[in-house]
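In what follows, chains carry the letters A, B, and so on, assigned in the order in which the sequence lines appear, proteins first and then strands, with residues in each chain numbered from 1.
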2 protein chains.
Amino acid sequence: MKNHFIDRLRTSGLRPTKQRVEICKILFDRKETFHFTIDRLKKIIEKNTKSKISLATVYNTVHAFKNNGYVKEISLHGNKTFFDTNSENHHHLYDQETGDLLDIRNEDILLSKVPPLPKGKKIKKIEITISIENNSHNQKK
Amino acid sequence: MKNHFIDRLRTSGLRPTKQRVEICKILFDRKETFHFTIDRLKKIIEKNTKSKISLATVYNTVHAFKNNGYVKEISLHGNKTFFDTNSENHHHLYDQETGDLLDIRNEDILLSKVPPLPKGKKIKKIEITISIENNSHNQKK
DNA sequence: AATTAACTTATAATGATTCTAAAGTAGAAG
DNA sequence: CTTCTACTTTAGAATCATTATAAGTTAATT
Ligand SMILES: [Mn+2]
Ligand SMILES: [Mn+2]
Ligand SMILES: [Zn+2]
Ligand SMILES: [Zn+2]
């Protein structure tokens, strides 16, 4: 239900405006993780509502959610920033050819040895990206 | 010796000009991996040679080396692109506070389980980034 | 309804990267 | 050594993502 969204907005210090609730619907009203760029999110909103939304509002809202842990930024090559509605620590399969980005389930990956850390430092976050491509690439003849 | 550079330039399809040889000296005339951004590389060259180099030349040359496998691009959050003179498949320790980026030796890390891949796909590359921070962060009271 | 801080928006500014086109140079050929 | 030409360098413009600005709009409180 919609109160769910309002909570996320309120705890992020944001008033539930029409625009923000639309953003929430796209981001959080789904079962699966959603991986997105700002500009794709903007397009989806405008298609859904048949009206314009300001780019600044999309940036501001997504950043507020990021700062409050409801979305996270993903490190990938390429010009635009990708965000992820799964803000848990998790990893990705990335297909550069198609642009597909899939969550890896925690039970499907295991990092069993980590390097020694510099004195006085501790691990903050681990990000693993497995890039994939078609079997047909660089095939032996 | 310098012939080493010339080879890398030639096999990248580039004439060994004064500017390109300078870039090579900075990138390849060292024992350790070098992690850099375009604009830091440009500054280093200009300090070393006490003369200007065009930004376009730096971009063009680094991209040529990237396309020929002599440097690779690293996926990190942040506005600028990082490159790496270690073009082998390897992983990184990253300290966002200081900007330090360290190679992880292959024997110091082990990914012992990888997820099933989509039909018809194979692994192209695996990138692991371990972000670190000071022990003092978020300490229990 | 009145008040006000928060908000949305169009637009400008910024910063990284890429493009352009004119002037300079490496290397081949004579 | 000189000429020729394709390749290269360069300054500046263009592009594109992102951030800042500031003027009008709205949510929330009284
Ligand atoms: Mn890139
Ligand atoms: Mn970022
Ligand atoms: Zn994800
Ligand atoms: Zn490295």
Side-chain angles (χ1 to χ4, degrees), chain A residues 2-3 5-26 35-43 45-46 48-68 71-83 99, chain B residues 2-3 5-26 35-43 45-46 48-68 71-83 99:
Chain A
K2 173 187 243 184
N3 261 357
F5 302 158
I6 306 222
D7 285 349
R8 289 188 172 202
L9 287 168
R10 293 269 184 228
T11 64
S12 300
L14 299 177
R15 288 182 180 169
T17 62
K18 173 162 53 71
Q19 292 85 347
R20 288 171 177 165
V21 171
E22 280 307 319
I23 291 174
C24 285
K25 281 186 197 163
I26 311 296
H35 299 113
F36 63 100
T37 59
I38 293 292
D39 121 349
R40 200 159 81 76
L41 175 57
K42 179 171 188 287
K43 286 199 183 95
I45 293 163
E46 294 183 340
N48 277 20
T49 65
K50 297 187 208 319
S51 64
K52 301 271 173 240
I53 185 171
S54 161
L55 186 58
T57 297
V58 184
Y59 270 103
N60 290 340
T61 306
V62 171
H63 282 150
F65 282 139
K66 177 186 166 190
N67 293 335
N68 288 277
V71 306
K72 73 171 183 178
E73 199 180 323
I74 302 175
S75 299
L76 290 180
H77 286 178
N79 34 331
K80 338 191 150 179
T81 300
F82 276 79
F83 294 91
Chain B
K2 172 187 246 181
N3 261 357
F5 303 157
I6 305 224
D7 285 348
R8 290 188 172 202
L9 287 168
R10 292 267 185 231
T11 64
S12 299
L14 300 176
R15 288 182 181 170
T17 63
K18 173 162 53 72
Q19 293 86 345
R20 287 169 178 166
V21 170
E22 280 307 319
I23 292 174
C24 285
K25 282 185 194 162
I26 310 296
H35 300 113
F36 63 98
T37 59
I38 293 292
D39 105 17
R40 199 157 84 75
L41 175 57
K42 179 171 188 287
K43 286 199 182 94
I45 293 163
E46 294 184 339
N48 277 20
T49 63
K50 296 187 206 321
S51 65
K52 303 270 173 239
I53 186 174
S54 161
L55 186 57
T57 298
V58 183
Y59 271 102
N60 290 340
T61 306
V62 170
H63 282 150
F65 283 139
K66 177 184 165 191
N67 293 335
N68 289 277
V71 306
K72 72 171 180 177
E73 199 181 322
I74 303 175
S75 299
L76 289 181
H77 286 178
N79 32 332
K80 339 192 148 175
T81 300
F82 275 79
F83 294 92

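- Atom C1' of nucleotide D:dT9 and atom CD1 of B:I45 are separated by 13 Å, given to the nearest angstrom.
- With D:dT9, C:dC7, C:dT9 as the candidates, the nucleotide lying closest to the side chain of A:T57 is C:dT9.
- Note: CG (B:L14) to P (D:dC7) measures 12 Å, nearest angstrom.
- With sequence neighbours left out, B:T11 forms a side chain to side chain contact (heavy atoms under 4.5 Å, CB included) with B:Y70.
- Contact check, B:R20 against C:dA26: no side-chain N or O comes under 4.0 Å of OP1 or OP2.
- For D:dT10, one of the phosphate oxygens OP1 or OP2 lies less than 4.0 angstrom from a side-chain nitrogen or oxygen of B:Q19.
- Looking at A:V62 and A:F36, their side chains come closer than 4.5 Å, going by heavy atoms from C-beta outward.
- Following rounding to the nearest Å, A:E46 (CD) and C:dT8 (P) show an atom-to-atom distance of 14 Å.
- At whole-Å resolution of the value, CG in A:L9 and C1' in C:dC7 are 13 Å apart.
- B:I53 places a side-chain heavy atom less than 4.5 Å from the side chain of B:I23.
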Summarise how protein sits on nucleotides 16-30 of chain D as a single string, 5' to 3': B when a protein heavy atom is under 4.0 Å from the base, S for sugar-phosphate-only contact, - for no contact. -SBBB------BS--
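- No side-chain heavy atom of A:N60 sits under 4.5 Å from any side-chain heavy atom of A:L14.
- No side-chain heavy atom of A:I38 sits less than 4.5 Å from a side-chain heavy atom of A:T81.
- For B:K42, the salt bridge (charged side-chain N to carboxylate O under 4.0 Å, His left out) criterion is met by B:E46, not counting sequence neighbours.
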